[in-house]
Participant: 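I'd like to ask you about the structure that follows.
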Amino acid sequence: MKKQIFVNVDIDIIRIAILEDGRLCEYYEEKDDCERIVGNIYKGKVRNILPGMQSAFIDVGIEKDVFMHVEDVYIPEFIEDEEIFEECDIELSKVESEKPLEDFGVFIEELLSVDEDIIVQITKEPIGTKGARGTAHLTIAGRYTVLMPNQNHVGVSRKITDEEERSRLKEIGKELCPDSMGVILRTVSGFKEKEKIEEDIRFLNNLWKKIERRAQNINAPCLIYSDLEMVLKLVRDIFLNDIDEFLIDSYQDYQKIIDFFDFLPEELISKIKYYSGSKPLFEKNSIEKSIEKLLNRTVQLKCGGYIIIEKTEALTAIDVNTGSYVGNSQKLEETVFRTNLEAAVEIARQLRLRDIGGIIIIDFIDMKIIENQNKLVEVLKEECVKDKMPITISDISELGLVEMTRKRVRKSLLGQITQPCPYCKGKGYVLSPQEISSKV
């Protein structure tokens, strides 16, 4: 599979397109007036505690107070090696307890008090009317590792499946991990020399010491650590050996990448190139047309079928239809099965491309054969492995539906590049001419 990354830098917006075999599979934008705060660390002040929800709201100096659940509060005696850590796309790890903390007699009103200072890291951006979500389980991401200043654990990315390599990285992590801290070995650390991992951990440890000193010498609410800007973060997190080409049309940002990542091997650096062609980068590679299609609720399949994507406040519903596809077989089941398989591949791509999160309900075309149903879910799961966001997928229900969830950390792409219609106010409906005339 050929993977390419194209970056278009304009006066007030940065656009990033990731292509697989010439097809757009991921797209991101960052506007000058829209600062991304996921990964930022703040010194905040507790403004409100809600015992009934076991939650608190923290003032960190942004528009809305940050929401924090009791499980996101740092409790030293509950941070033990046997607890489960999970590496996410944004490299923020979360402690998952098998039981609610209330079962252990731990309540948020006993852990926090109003006007208390607290260090908070943002894990989810504000979406709609909801404010950002934060945690006190801090993480700082590097190229090869993620440092966890107040979590005593060494973990290895689940995407590294070679058991021998996992054991090697685990031992390296235990040896190099600073005292009273934790570390996660990221996917890119696989089969890397110990010296590179050690250098990365040393850099992150020194960075954490600077953050600590800043937190001690500054009054809340205040930002004390900001994650890398979008382009640099992209190179740090996903620029791996499987990337064939990286083109950027801003020489200033190209030079910034080369200077910042001068420690990368030459074979990787050589793939990063400055694009100076006369034709716009996105237009030359037909990316603009692909972005326009993202506004459509209907997505055509190569076989002639199509899927419909409907986003609501509560969930996203996806419907699969055969359309003009009649198949080459005399068996209806075979035609339906082939349509569903192609739809499953396209749905996984659309979820990444449109950055759809939350609850997703898929209504595949009904199939009678259980083996076909199982194969369909298996294909969907295989395609979703390419996604950096954590995803859970259920088997087909009695009603023929597949329920799944995809972690949401920011607005969907549709929410970023569009705004509510001034006529229907976002409802999607306007009164018919007959209704308007009767009112007149």
Side-chain angles (χ1 to χ4, degrees), residues 2-40 62 89-91 122 125-126 141-143 188 223 225-295 349 352-355 388-389 409-419:
K2 185 178 181 181
K3 292 188 71 173
Q4 300 164 291
I5 300 177
F6 297 131
V7 182
N8 166 234
V9 181
D10 213 331
I11 297 173
D12 57 354
I13 189 172
I14 296 174
R15 302 189 299 165
I16 296 172
I18 301 176
L19 278 68
E20 293 178 356
D21 289 336
R23 296 189 75 198
L24 186 64
C25 64
E26 291 182 47
Y27 175 75
Y28 307 97
E29 342 184 300
E30 187 169 84
K31 301 178 179 66
D32 277 352
D33 61 350
C34 181
E35 181 185 6
R36 294 198 180 276
I37 63 172
V38 168
N40 287 359
I62 59 178
D89 135 84
I90 52 175
E91 303 301 345
I122 305 301
E125 289 186 1
R143 171 71 177 170
V188 73
L223 174 69
Y225 167 75
S226 179
D227 203 357
L228 295 178
E229 58 184 81
M230 192 175 188
V231 176
L232 295 180
K233 188 176 180 183
L234 175 81
V235 176
R236 182 194 70 190
D237 291 347
I238 69 170
F239 188 55
L240 309 176
N241 291 321
D242 64 342
I243 301 296
D244 298 285
E245 187 178 30
F246 187 113
L247 289 182
I248 183 167
D249 60 9
S250 163
Y251 185 77
Q252 181 180 355
D253 287 271
Y254 163 76
Q255 200 60 52
K256 189 187 297 183
I257 292 172
I258 298 300
D259 293 342
F260 193 88
F261 293 100
D262 58 353
F263 57 85
L264 290 178
E266 180 59 33
E267 59 267 23
L268 268 182
I269 287 293
S270 63
K271 295 179 181 179
I272 303 175
K273 298 174 183 176
Y274 167 59
Y275 175 77
S276 57
S278 57
K279 196 170 184 179
L281 178 60
F282 275 27
E283 188 177 330
K284 180 183 177 183
N285 294 278
S286 303
I287 297 173
E288 297 290 4
K289 293 180 180 178
S290 298
I291 295 172
E292 289 176 9
K293 291 179 181 178
L294 297 180
L295 301 177
R349 172 176 168 266
R352 292 167 64 196
L353 187 52
R354 302 184 185 220
D355 203 7
K388 298 187 297 295
M389 290 294 179
V409 296
R410 62 182 74 88
K411 285 182 181 179
S412 67
L413 181 61
L414 200 63
Q416 294 178 48
I417 67 177
T418 64
Q419 63 183 30

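Please read all numbers here as calculations on a predicted model, not as lab measurements.
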Participant: So does Gln252 have more than 12 non-hydrogen atoms from other groups sitting under 6.0 Å from CD?
Facilitator: no
Participant: Under the rule for side chain to side chain donor-acceptor pair (under 3.5 Å), what residues qualify as partners of Arg352, not counting sequence neighbours?
Facilitator: Glu20, Glu26
Participant: Please step through side chain to side chain donor-acceptor pair (under 3.5 Å) for the pair Glu30 and Tyr28, ending with a clear verdict.
Facilitator: CA-CA 7 Å; Glu30 187 169 84; Tyr28 307 97; over 6 Å; no
Participant: For Ile272 and Ile257, which heavy atoms make the closest approach, and how far apart are they?
Facilitator: CD1-CG2, 3.7 Å
Participant: For Ser250, enumerate each residue passing the side chain to side chain donor-acceptor pair (under 3.5 Å) test, keeping only those at least two apart in sequence or located in another chain.
Facilitator: Asp253
Participant: Evaluate the side chain to side chain contact (heavy atoms under 4.5 Å, CB included) criterion for residues Ile16 and Tyr27: first the C-alpha distance (whole Å), next the side-chain angles of each, then the deciding distance (0.1 Å), finally the verdict.
Facilitator: CA-CA 6 Å; Ile16 296 172; Tyr27 175 75; over 6 Å; no
Participant: Work out which heavy atom in Asp249 is nearest to a heavy atom in Val9; give both atom names and the distance.
Facilitator: OD1-N, 2.8 Å
Participant: Going by the rule side chain to side chain contact (heavy atoms under 4.5 Å, CB included), which residues pair with Lys273 if we only count those two or more places apart in sequence or in a different chain?
Facilitator: Leu247
Participant: Is there a side chain to side chain contact (heavy atoms under 4.5 Å, CB included) between Ile14 and Asn8 once you walk through the steps?
Facilitator: CA-CA 6 Å; Ile14 296 174; Asn8 166 234; over 6 Å; no
Participant: First locate atom CG of Leu353, then atom CG of Leu294, and finally report the distance between them rounded to the nearest 0.5 Å.
Facilitator: 4.5 Å
Participant: When rounded to the nearest 0.5 angstrom, what is the spacing between CD1 in Ile18 and SG in Cys25?
Facilitator: 6.0 Å
Participant: Of all the heavy-atom pairs spanning Glu125 and Val38, show the shortest one and how long it is.
Facilitator: CG-CG2, 3.3 Å
Participant: Could you go through Phe6 and Ile248, starting from their C-alpha distance and side-chain angles, then the distance that decides it, and tell me whether this counts as side chain to side chain contact (heavy atoms under 4.5 Å, CB included)?
Facilitator: CA-CA 6 Å; Phe6 297 131; Ile248 183 167; over 6 Å; no
Participant: What pairs of residues pass the ring pair (Phe, Tyr, Trp, His ring centres under 6.0 Å) test when at least one of them lies in residues 242-261, not counting sequence neighbours?
Facilitator: Phe239-Phe246, Tyr251-Tyr254, Tyr251-Tyr274, Phe261-Phe263
Participant: Measuring only between side-chain heavy atoms, which start at C-beta, is Lys256 closer than 4.5 Å to Leu232?
Facilitator: yes
Participant: Pairs in or reaching into residues 277-292: which pass side chain to side chain donor-acceptor pair (under 3.5 Å), with residues at least two apart or in two chains?
Facilitator: Arg15-Glu288
Participant: Do you know which two heavy atoms are closest between Arg143 and Arg236, and how far apart they sit?
Facilitator: NH1-O, 3.2 Å
Participant: Would Ile291 and Leu24 count as a side chain to side chain contact (heavy atoms under 4.5 Å, CB included) if you check the C-alpha gap in whole Å, the side-chain angles of each, and the deciding distance to 0.1 Å?
Facilitator: CA-CA 8 Å; Ile291 295 172; Leu24 186 64; 4.3 Å; yes
Participant: If I compare all heavy atoms of Pro126 with all of Ile37, which pair ends up nearest, and what's the gap?
Facilitator: CD-CD1, 3.9 Å
Participant: Could you tell me which residues satisfy side chain to side chain donor-acceptor pair (under 3.5 Å) with Lys3, sequence neighbours excluded, listed by chain and number?
Facilitator: none
Participant: Could you measure the distance from the CD1 atom of Ile287 to the CD atom of Gln4? Nearest 0.5 Å is fine.
Facilitator: 8.5 Å
Participant: Do you know the tightest heavy-atom contact between Pro280 and Tyr275?
Facilitator: C-CE2, 4.4 Å
